[in-house]
Structures are given as structure tokens and as C-alpha cells.
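Counting starts at 1 for both ligands and their atoms, following the listed order.
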Amino acid sequence: MIERLPGLIDPHVHLREPGATHKEDWDSGTKAGLAGGFTILLAMPNTDPPITSKKSFDMALAAAENKSRLDYAQFFGASRDNSRSLGKIATRAAGLKMYLDQTYGPLCLDDMTVWREHFLHWPGYLPITVHAERRTLAAVLLMSILYDKHVHICHVARREEILLIKIAKEKGVKVTCEVSPHHLFLTEKDISPESPGRGEVRPRLGNSKDRDALWENLEVVDCFATDHAPHTLEEKDSKDPPPGFPGLETALFLFLTAVAQGKLTLDDVVLRMYTNPKKIYKLPNQYNTWLEVDPQPTWEIQGANTFTRCGWTPFEGWKVHGRLKKVTLRGKVAYDDGKVIAKPGSGVNIRKKGIILDKNLKNW
Ligand code: DOR
Ligand code: ZN
Ligand code: ZN
């Protein structure tokens, strides 16, 4: 039986343009997005140069406008000295991204007085999206309370983190969160001793208690986000492997497999891959947009058969359920049985002037 699903939204992808298009660009990354059932991607700002000024923001949007095959918005990155300038152009961004722990790229902010400036100046109608692990998470939840601003926590990976967010939500803190498929389906035991670089990711893969705590507390998880972070195999197998996994082309099928196994319902998936990200980031409706999915057939994941330029996957050889038959985006067939039909540049910036951002909608 063919199921009709809404076009999925991935609120956390790294498309590497500008600066590292040998890993991915707005063309290859959005092809991968369509093949994974996504019709909106929100792009992270840790590019080269990073998206921390109007100039680099416009550079990324120019690439997206020429190449994107699906709809998108770009995050601003918080830096030491841009807190006052970003508030004025915030309506053009997906949201503000703050890197509060060390990861790939130059954007890590250590100094809490800099965090404070951003919490003060970023307008309250869009979330402050953070990479904040362990005790950093506790610190940023305190900022959210002190400044009464909504924080969205990226890729929650550990038991201690999901339990803290649960309590914060119970106390009325304005916090939402996302979990990535690799933290739900993999643990540190899946890292191969022969190629440990391929297991590098931030946050690191946890132990089985961490993974199980994420499944046990799914009601606390607002979104599933791939954190698609492509690096080439040559880079992953080098002496200094960069952290990150590709994820756009596997997420939906891993979740459909969990549905087939009775661990989730299809409604659970739609809530976290469409309804909640749309609400949190105040994304507009995409009219005449839907997926046709056959949830039953099984197939084997193979990195060599992917659209992402990095050409590998941490789920190599996994047998998963579900075939994506067709993606219809704003009335046109964008993907049909393994083929990307949408043309580069056919995607729309959902934050461009004229597309309404309803500042009054409650977003958490
Ligand atoms: O593993 C990761 N890779 N975690 C991040 O936070 C950044 C990402 C990247 O950009 O490669
Ligand atoms: Zn991150
Ligand atoms: Zn990321």
C-alpha cells in the first residue's frame, strides 16, 4: 500500500557551500535531500567562510538560489562580535546557531558574556539553536530562563541530556530539542577498530544506556534531524578525521524500519519530521507537496548508491524498510523512483521577502 506523507523537513544539515564543495554543495546535497524525502532543508553556518556576516550570508544564499533543488533557509552563526548586527536581519535566517562546544568549524563560543549578548539581542520570535553537550546544556538552559528566550537543543545524544531537558520542559522552560538517527540507531560499539575515523561524530556515539534513554523518552524529543555532515572517506580515514556522518538518504528508511518493528508509529515520524520542525522554525506551508512511500519493501543501504558527494554511510549494509516512490514539490514531480527530476535553482528560500513569517505564532 502506498502511503502519502507530507514533504519532510530537516532542520539540521551541513551543505558545505561556500568553501568545501568537494564534500557537498547545494546541488548534490539537495539531490540527497529529495532522495531522502525532504522538501525543506535548514542549512548550518559552519561553512568556509562561516555565515556570520551579511556578506557571507548573501554568498551562501546566492549559491542556494542557483543550485538548490528543494526549499531551504540558511542559519546565521553567532560569533564574538556579531550579536548587534544579526537582530536586524534575523527575519531572513532560519534561526541563530550558537556552537557552545568544540566541533567542526571555527564557531565555538567559550565566553558566556558573548552568549549573553546574543540572548539579549536575538529577537524572541525565532529560536536560538545550540550545539550544547552535557554541562554546557545546563548552562544554556539557565540563559534561556534568565533571558526568557526559546532555545532549541541540537542532536541530544546522552541519557543525562535528555533527562535534563525533560525536567526543564516540566518546569516550563522554553526549550525544544532534536535527536539524530545515528544516536538512536548506533552506539560506540559500532565504531570499527580498523577505521575509527569513520565513527567520529560530535556529539560522540554514546553507550547503550544513552541510546536506550533516547528511545524511552521519545515524548521529550520534538524533532528528528539528520545532522547530515558529509566528509569524504579519504578525510575520515586520515590521521585527523573530521567529525560527522551523512544522513539525508537514510533517515526516513531507518525510521520506517522502526515503524515496521513496532518501535514507532508513522504518526510519531510525521510529528517529528514535519509538524514540529515546521512549528519551531515557523516555516510556511508548501502547497501541493507530498511524498508517496511504500513502507513495506526491504533494501540494503549502500554508500556507493547515494547522491551525497561524500559517497559513504555509517549504515553500510543495513537492511531497511520503505521505498520512496515519488516526491511532488509545489505541484511538480521532483523525484521519481530513484531519479531526481527537480532542476538546480528550482528551490525557494522560504525566508525571502514576501513569504510571510508570522512573528506572533507560538513556536515551541
Ligand atoms: O559531527 C559533527 N559534524 N558535529 C557537528 O556539530 C558539526 C558537524 C560538521 O559540520 O561536520
Ligand atoms: Zn552540532
Ligand atoms: Zn551539525
Side-chain angles (χ1 to χ4, degrees), residues 9-26 28-29 32-33 38 41-52 60 72-78 94-109 127-134 136-137 140 151-158 161 176-186 188 190-191 196-206 223-238 240-248 250-251 277 281 308-310 312-315:
I9 298 166
D10 190 345
H12 190 150
V13 299
H14 299 267
L15 293 177
R16 308 303 189 202
E17 187 171 12
T21 52
H22 67 286
K23 298 176 197 270
E24 200 77 287
D25 72 357
W26 278 90
S28 60
F38 295 99
L41 301 183
L42 305 186
M44 286 294 157
N46 60 338
T47 47
D48 182 15
I51 311 303
T52 51
Y72 57 90
Q74 171 67 53
F75 279 92
F76 272 126
L96 178 70
K97 177 69 186 282
M98 297 181 71
Y99 288 89
L100 306 180
D101 287 299
Q102 198 51 56
T103 181
Y104 185 70
L107 290 176
C108 185
L109 297 173
I128 297 176
T129 296
V130 297
H131 180 131
E133 302 181 34
R134 307 190 74 179
T136 314
L137 168 61
V140 82
V151 286
H152 178 76
I153 312 295
C154 292
H155 44 49
V156 178
R158 297 178 180 87
E161 295 164 353
T176 54
C177 71
E178 66 190 36
V179 170
S180 300
H182 45 274
H183 294 120
L184 282 168
F185 292 99
L186 299 174
E188 57 197 1
D190 293 298
I191 302 175
R198 297 189 194 188
E200 284 291 344
V201 66
R202 298 292 177 277
R204 291 175 201 281
L205 295 177
C223 309
F224 294 143
T226 67
D227 194 8
H228 177 78
H231 300 284
T232 65
L233 271 185
E234 199 186 340
E235 292 161 341
K236 295 296 282 179
D237 290 338
S238 71
D240 190 17
F245 297 158
L248 282 170
T250 45
Y281 287 103
T308 173
R309 201 160 282 161
C310 74
W312 72 283
T313 162
F315 302 103

How close do [X] and [Y] get, heavy atom to heavy atom, and via which atoms?
X	Y	result
F75	P45	O-CB, 3.6 Å
G29	L15	CA-CD2, 3.8 Å
P50	L107	CB-CD2, 3.8 Å
A132	L137	O-CB, 3.7 Å
E235	P242	O-CD, 3.4 Å

Taking only protein atoms, how many N, O or S atoms are found under 2.8 Å from the Zn ion (ligand 2)?
2
Any non-hydrogen side-chain atom of H231 less than 4.5 Å from a side-chain atom of R16?
yes
Can you tell which of H155, H228, H131 makes a ring pair (Phe, Tyr, Trp, His ring centres under 6.0 Å) with H12?
H155
Ionic contact status for E188 with R204, cut-off 4.0 Å
no
So, E24 versus S28: side-chain donor-acceptor pair below 3.5 Å or not?
yes
Protein N/O near ligand 1 N/O, under 3.5 Å, which pairs?
{"unit_1": "ligand 1", "atom_1": "1 (O)", "unit_2": "R202", "atom_2": "N", "d": "2.8"}
{"unit_1": "ligand 1", "atom_1": "1 (O)", "unit_2": "R202", "atom_2": "O", "d": "3.4"}
{"unit_1": "ligand 1", "atom_1": "1 (O)", "unit_2": "G244", "atom_2": "N", "d": "3.3"}
{"unit_1": "ligand 1", "atom_1": "3 (N)", "unit_2": "P243", "atom_2": "O", "d": "3.0"}
{"unit_1": "ligand 1", "atom_1": "4 (N)", "unit_2": "T103", "atom_2": "OG1", "d": "3.2"}
{"unit_1": "ligand 1", "atom_1": "4 (N)", "unit_2": "R202", "atom_2": "O", "d": "2.8"}
{"unit_1": "ligand 1", "atom_1": "6 (O)", "unit_2": "T103", "atom_2": "OG1", "d": "2.8"}
{"unit_1": "ligand 1", "atom_1": "6 (O)", "unit_2": "H131", "atom_2": "ND1", "d": "3.1"}
{"unit_1": "ligand 1", "atom_1": "10 (O)", "unit_2": "H14", "atom_2": "ND1", "d": "3.2"}
{"unit_1": "ligand 1", "atom_1": "10 (O)", "unit_2": "R16", "atom_2": "NH1", "d": "3.0"}
{"unit_1": "ligand 1", "atom_1": "10 (O)", "unit_2": "N46", "atom_2": "ND2", "d": "2.8"}
{"unit_1": "ligand 1", "atom_1": "11 (O)", "unit_2": "R16", "atom_2": "NH2", "d": "2.8"}
{"unit_1": "ligand 1", "atom_1": "11 (O)", "unit_2": "H231", "atom_2": "NE2", "d": "2.9"}
{"unit_1": "ligand 1", "atom_1": "11 (O)", "unit_2": "P243", "atom_2": "O", "d": "3.1"}

